[in-house]
Amino acid sequence: MSVLAKSPWVVHFNCNSCNGCDIEFLACLCPTYDVERFGVVHVGNPKHADILVVTGSVNHRNARVLANVYQQMPSPKVVVACGVCTSSGGIFADCYNVLGGVDKFIPVDVFVPGCPPRPEAMIDGIVKAVGILAAKAKGIETPVADKPRITVSPSPKPVDETPAQEPDEVGAVK
Amino acid sequence: MAKRSVIPFGPQHPVLPEPLQLKLVMEDEKVVEAIPAIGYVHRGLERLAQEKDYQQVTYLAERVCGICSFIHSLTFCQGIEELMNVTVPDRAKFLRVMWSEMHRMHSHLLWLGLTADAFGFESLFMQGMRTRETILQLMESTAGARIMLGTCTVGGVRRDIESSAFGEINTALDSVARDLDQMAPTILNDYSVRERLVGVGTITAQQAFETGAVGPVAKACGFARDFRTTGYAAYGQLDFKPVTETAGDCFARTQVRFAELYQSVDLIRQCMAKMPAGPIAVPVKGNPDGEIIARTEQPRGEVIYYIKGNGTKNLERLRIRTPTFANIPALLKMLPGCQLTDVPVIILTIDPCISCTER
Amino acid sequence: MNDINTLALLGVIAGPVIFAAAIYFTKQTKLRNILVLGAALLTSALGIFIAASPSANVYPDSWVVYAGAGLEIVMTLAVLAIAYNIRSWAVGLFGTIQLVLVVISEFMHGESSIGPAFVVDDLSRVMVAIVSVVGSLILVYSIGYMKEHEHHAPATARSTNTFMFFLVGFIGAMNGLVLANDMKWLGCFFEATTICSFVLIGHDRTREAAKNAARAILINSFGGVALTIGAFLALLKGSTQYSGILYHADIIAFSFIALAGLVKSAQMPFQSWLLGAMVAPTPVSALLHSATMVNIGVYLVLRAAPAFVGTKLMYFIAIIGAFSFAATSALAIAQSNGKKVLAYSTIGNLGLIFTCAGIDSPLGYSAAIMLLCFHAVSKGLLFLCMGTIEQKIGSRDIEDMGSLLREMPLTTVITLIGMASMLVPPFGMLLSKWLAIEAAISSPIVLLLVVIGSALTVLFWAKWIGRITTVSYHPWYTIERISISKQSVLAILATIVVIAGLGAILLYRDLFVDIAIRAYQGTYISQSDMKLFEAAGNIPYWPFMAFIGLALVAGILAYFTVNASNVRAPFLCGENVPGSTKTYEFRSVKDSSHLAWSSSLYLRHIFEESKTTMWANLIAAVIILSMFAAIGVL
Amino acid sequence: MLTNVKEISRDTLLNEVAAMMPQGYRFVTMTCVDCGEYHDIMYHFDKDYVLSTLRLKLLKGQKLPSISDIIFAAIIVENEIRDLFGIPVKGLALNYEGRFLLTEDAPIAPFNKPVVNTETKSNN
Amino acid sequence: MRIFTFVNNVWQNITSRPATRLYPFTPRTPIAGARGHLQIDADTCIYCGICQKRCPSNALAVTREPKTWTLDPYKCIVCSYCVEACPKKCLSMNPAHK
Amino acid sequence: MSETIIKLLIAIVAAPLVGAIIAGLDRKVTARMQGRVGPPILQPIYDVLKLLIKQPIFLNRVQILYAFMHLAFMMLTLVLLILGQDLLLTLFVHAFATISLILGGMCVRSPYSRIGSQRKTLMLLAYEPILVIMVVGIYLSQGSFMASDVVAAGAKPLLLSLPLVFIAYMMAMAIELQKSPFDVASSHHAHQEIVKGVTLEYAGPFLAIIEIAHFYEVFLLFAVVYFFWAPYNLANAAVGMALAAGAFLFHIVLDNTFARLPAMWIVRFMWVIVFLMATTNIIWLYRLGTI
Ligand code: NFV
Ligand code: SF4
Ligand code: SF4
Ligand code: SF4
């Protein structure tokens, strides 16, 4: 396993979050969940970070901050989008000052759904991100994360997960 | 004369959990001027609320902020209920108080942790957050979620807390109280903590009044201003007194919040003891019409909802004035003259919630 | 003593004076510059020659001694004239006292002419080398400097001819002073340097310059009085020469000479004149006020150190020096004026030399001489760099030196070398500081002061170096345009600093140790002192070179291999204004851009200049008074 | 329902506001509502948990005099109103010029009525 | 005013087991009644679209013809409002997170 | 001679490893004190290895030079100690290593980094005199500045003659280990007002260099405890070990029971209380005439 996977340093950017996701991320760092078990350090400085944890959607003012933070991270780097706001805007998607999920601005590698996601879910996300980080370090192309919808219809009962059909989601490969 | 330093403090800054920028102008490390720049978490929630069904707005209001979410939905529901003359069953009121107080505790414990972090006391931060986990677990088992309880609705509450769960709640509260007792000497009496808090960020009672400060900021200056004393929800039937201090510095604010934690434990216990039987919600028909102002006490002070309905399911106007919004002028009075080291401590002792402020 | 040496001696003293006179009367700038160059070449050649020649004493004819006396009277009269000119009754008073004493002593007779009038020994050779080499380089530098200075200088300024006259002439006087043994000559040259200093400080003839020049002459003529009193007291006991005083261990007379030395070396509480002297054109600061003239004080004391081993006087001198060192280091922290920082640092280092001299062990002595040499070269260089920088950016403020590395790479790198030589092990300055502390081990108070002082120095040097090396990440390839004379002098001095600095350990082992041993021959040295002395001579050399080399090689390799595409904007909490040139601007209130700026640490609320100075002066005065009390003068 | 409402006019605003504090009223906040031709601007004050409101009808296009000189606490909310309703506020102690909550590319005065959000964003 | 007041706490922590839940190595059983993620029983659903109308977050899309019910889990705020609204009670909350 | 070289080589390779393991243990024990499980003990090594393969982003080139100087002088400090050289000189070399780091933080136009450097300078100011005093104390009790004499067989145990200085050294050590309440310039968890302070603008391999230098420093600091304070001979290695372990625990407890205090407070504390403590000890030695 790549050493990158053993020492993922995290920078967290609260990007329009209602704090719900934020504090759940904080909870991950705390004794009960203690992500430092995986070598995670919350560095607070993009230049030292491997993983960018974003919470909240993008608005007109923080879009540039998000771009700057992402840009200042040394590669290989991975973005984890925590919460539905971060994924799509969530309940705020229709607000006038919300531009949408962060995937519109920076490439996102892992989406963690939930409002807010439980710390467990975030840990899952980070563990997944660590895997992607290791792959990136080896130069393996990793696909952009997708946000599959769940569609059901009555007949034979195919409960399947199909990829999204919207134009802006076409690029999302399964 | 050397040039003054100008630095951006935030928005992406590890001691600030939220994006908020202060443009600090300093001489050596003494802050001469601090100008806030906000708007990093402005979503336009109030406007969205005008486009949604007022019932849905309950969930929206809850997401004004993840730290004080329940009380937001509570305030909103109380406003609508008053507007529509809905009488909420007593049991629902008690349940509301219980969740409110749980939220207050989780908010204060979070604040405690973050403040400890701001003055570099990592293990205290961990301890605070660990204690908070007990509350979160309590919320999860009683309401189904750790943060966004979603239990408040117009006309009552959506979930009941069976008396069978009271035992568990009591145990949890005991453990919280025990943890608090253990932390108390550190927070209230430790030399290094006091060194960082006492005499820092002081405002006078007069200044607090003029800047319209609310909540623990005002209480720390000697104003016993706590909206719970007006007895909304079930508070009228509970026995408590607002906590006050007089020094008006960071330490006084800390003392107030720390005492409020104990107070909340007590209030929840009282609720369980006095919990009446009965339904937990009444059905609500029709749409709100007219103007109303609903006020409640948030962890950070009083929150104000101005609701204007026009007889349709959509609201005409929803305005939320949150406590942090009211405390920012006070913050601006505290900052000049302090040291850079104290900036995060001062900011955190007003317990800012920018998400609330900007909505 | 053969004739050629005597001739060299004469040349190194009189040569510059003659050149100076010629320069004064030259109308053409070209010719004047050539003459300055000639003076520089001659002096440095002769200086090196003397430094390389064996020790010797010069017993001149008696007329030489009389000439000395005569010249001394002339100088005193000149001081009186100045006093009249600037309407200073105090200077007049000091001048009169001196005159009276000098004239009286004319009618007294000591054990006349038993000793030499001029002495070439280890110490004076070291001094002559410094004065001639550093001095000459500064002379050459000032050709380019003054050309530019003429453009900016206020209309009131004296002519460059006058300037050059005093600057070149000063070198002669200075050489004379360090070589003189006869008290008359000593006094005469002492006054001469004071007068040069007065004129050169006042060169621009602005109000401030005039004021500061007046202060300089006031304080220095007080020193002159002390020296004359010392000489007079010595005469009462029969010695007309410095060596006589030492021979008789005439502690009372010497205490006055030491006082004169403290004044001349601007130790607390006499430091204010040196700070004021910074208004002068930079070559003056470099030559008189950091590299040479101020060294007179320590030189006089150093000469005497072996003769007064173990006396209370020496102990007090050590304390005064150490106190000056600590106090000025603290004062320098609050300064953002680069020249002032250098001035404070100069006083501090001179203080340290006093300390080393006062400790009176061979270890201290060797440290003192080493410090003297390295300080003169490094400080001279730094002042010249300051001058160059100031002429380019029009400011002396440290905070304005942020983009120097881009604007004037050559000078900046040289400045950095100069600063590094004050700080980096195993450069001479640091080495001597180390020796100083070890030498001070037996006097706790001195030790404490030196430790505090050297900790404080780090603060302002680090701040300054940090400011200067601050660069943004633009590729910077500016060709720096400065006059050839300035450039070459800076380069030569920097080379000397680097070579001498890197070889400081070797120099110490092979040169300064010997000098100290010779100086202390026949003096009692305690065993522990001796042990330390031996141990200090045995420090390893190669590990230093190896690791410095390693750092440089690795650093430089990385320096050139890093890829510009990896450059990122600084951390500004994510609010950087995008764009290559504005990356230290951040967006703030109203979405407008602001320049992120962090000024250096000055701790003004702690080391506020006037208050600190007041207290320090008070304490220093008390120490000096108790010094006199201790040896029974008061 | 809103109680203790007092209608005031733009001219008397500053005097009325100035009179509140000495009577022991604490400034709470301001609320602005778009009512078609005019903006309803309410100044809320609190005394002993009872709200009193001064209500000002400000015709569109009129400038709002700032009370921030009298009540420093009002700067935040006045700037917000400036942003969200596009009402120019005169004499603000700390003026963000409409860049308080919103940036230049954000919608202008989003809370005003006529601005109907026509394109519904991302609703499936 | 004292120092080392926290030693008690530290001592207790170091002498007792850490509070850490070793997730993901030992997963926790979800608390009953918790709102983890939304589930549908596709066969009971009548595709009436009430849930879609109620959803505060526009996370649901129901079409009558053809009968589909689509959830965007990356928009759903797990509020359970739809669960309450559904006339057929075919929606439910699974306490486990997704 | 060749023996010395072998010794040196081993030390140069082993020191950072030992330092890293101490740092790892530190993190582990800290975590346990906070009721957490904490990272693996080799975590610092993973961190450095990871940093080495990250993209080498930087701000300007001078910065890089300083990073290497920091490392080289830190190594030189170790080498001088192993060669048994003059302690005072070693101390100066060590101080310069710190100064290099400070300059590295100052030479970038990044406000937080610069403020961090300034604070670090203050810290240097705070502890350097204490260390010098310590060396003086060592001289007074051993009669030599040479490290080799201090650890020579038969040397007097320093702890007995310099107990107060030992406490002072603990304080200085806490500053260098960046432990609360002394972690103003840069702390291991970057939650402070100046983010990460001095090392803020170093990233990737350059940060790794600084980390490695830090490992050397950790090793050095503990080596001084181990070798100097207890008499150095094999029979007493256990005492040295116990002392080092005690120091280690002390610092972690300190870190976990104190808030970060302002830089000026630290300077005052070190210069008044600690300095007085150390000098009292020294004066006592003078009085005893141990010299
Ligand atoms: N308490 C609270 Fe809020 C509200 N309302 C406020 O400022 O936390 Ni987010
Ligand atoms: S996803 Fe939910 S909890 Fe997270 S930021 Fe958005 S609204 Fe808040
Ligand atoms: S409300 Fe219930 S029945 Fe109607 S579409 Fe939704 S899930 Fe199906
Ligand atoms: S749980 Fe809430 S957000 Fe999710 S689909 Fe149902 S109503 Fe919509």
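Note that this is a predicted model, so its numbers are computed, not measured. In the text below, chain A, chain B and the rest are named by the order of the sequence lines, each starting its count at 1.
Taking CZ of F/R119 as the start and CG of B/L340 as the end, the distance is 5.5 Å to the nearest 0.5 Å. B/S123 contributes atom OG, which lies 11.5 Å from atom CD1 of F/I252 (distance to the nearest 0.5 angstrom). Between the CD atom of B/Q127 and the CG atom of F/N256 there is a distance of 10.5 Å, given to the nearest 0.5 Å. To the nearest 0.5 Å, the span separating CD on F/Q118 from OG on B/S5 amounts to 7.0 Å.
Looking at B/R196 and F/R260, their side chains come closer than 4.5 Å, going by heavy atoms from C-beta outward. Looking only at side-chain heavy atoms (C-beta outward), F/F258 and B/F119 stay at 4.5 Å or farther from each other. Side chains of F/I115 and B/I7 form a contact here, defined as non-hydrogen atoms less than 4.5 Å apart.
There is no contact between F/R114 and chain B, counting heavy-atom distances below 4.5 Å. Heavy atoms closer than 4.5 Å to chain B are found nowhere in F/P181, neither backbone nor side chain.
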- Query: Step by step, would you call B/L124 with F/Q34 a side chain to side chain contact (heavy atoms under 4.5 Å, CB included)?
  - Reply: CA-CA 8 Å; B/L124 184 56; F/Q34 295 169 349; over 6 Å; no

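Closest heavy-atom contact between F/P111 and B/P8: CG-CD, 4.4 Å.
The residue among B/R130, B/M26, B/H13 with the most heavy atom pairs within less than 4.5 Å of chain F is B/H13.
The aromatic rings of F/W265 and B/Y191 lie tilted to each other, with the angle between the two planes from 30° to 60°.
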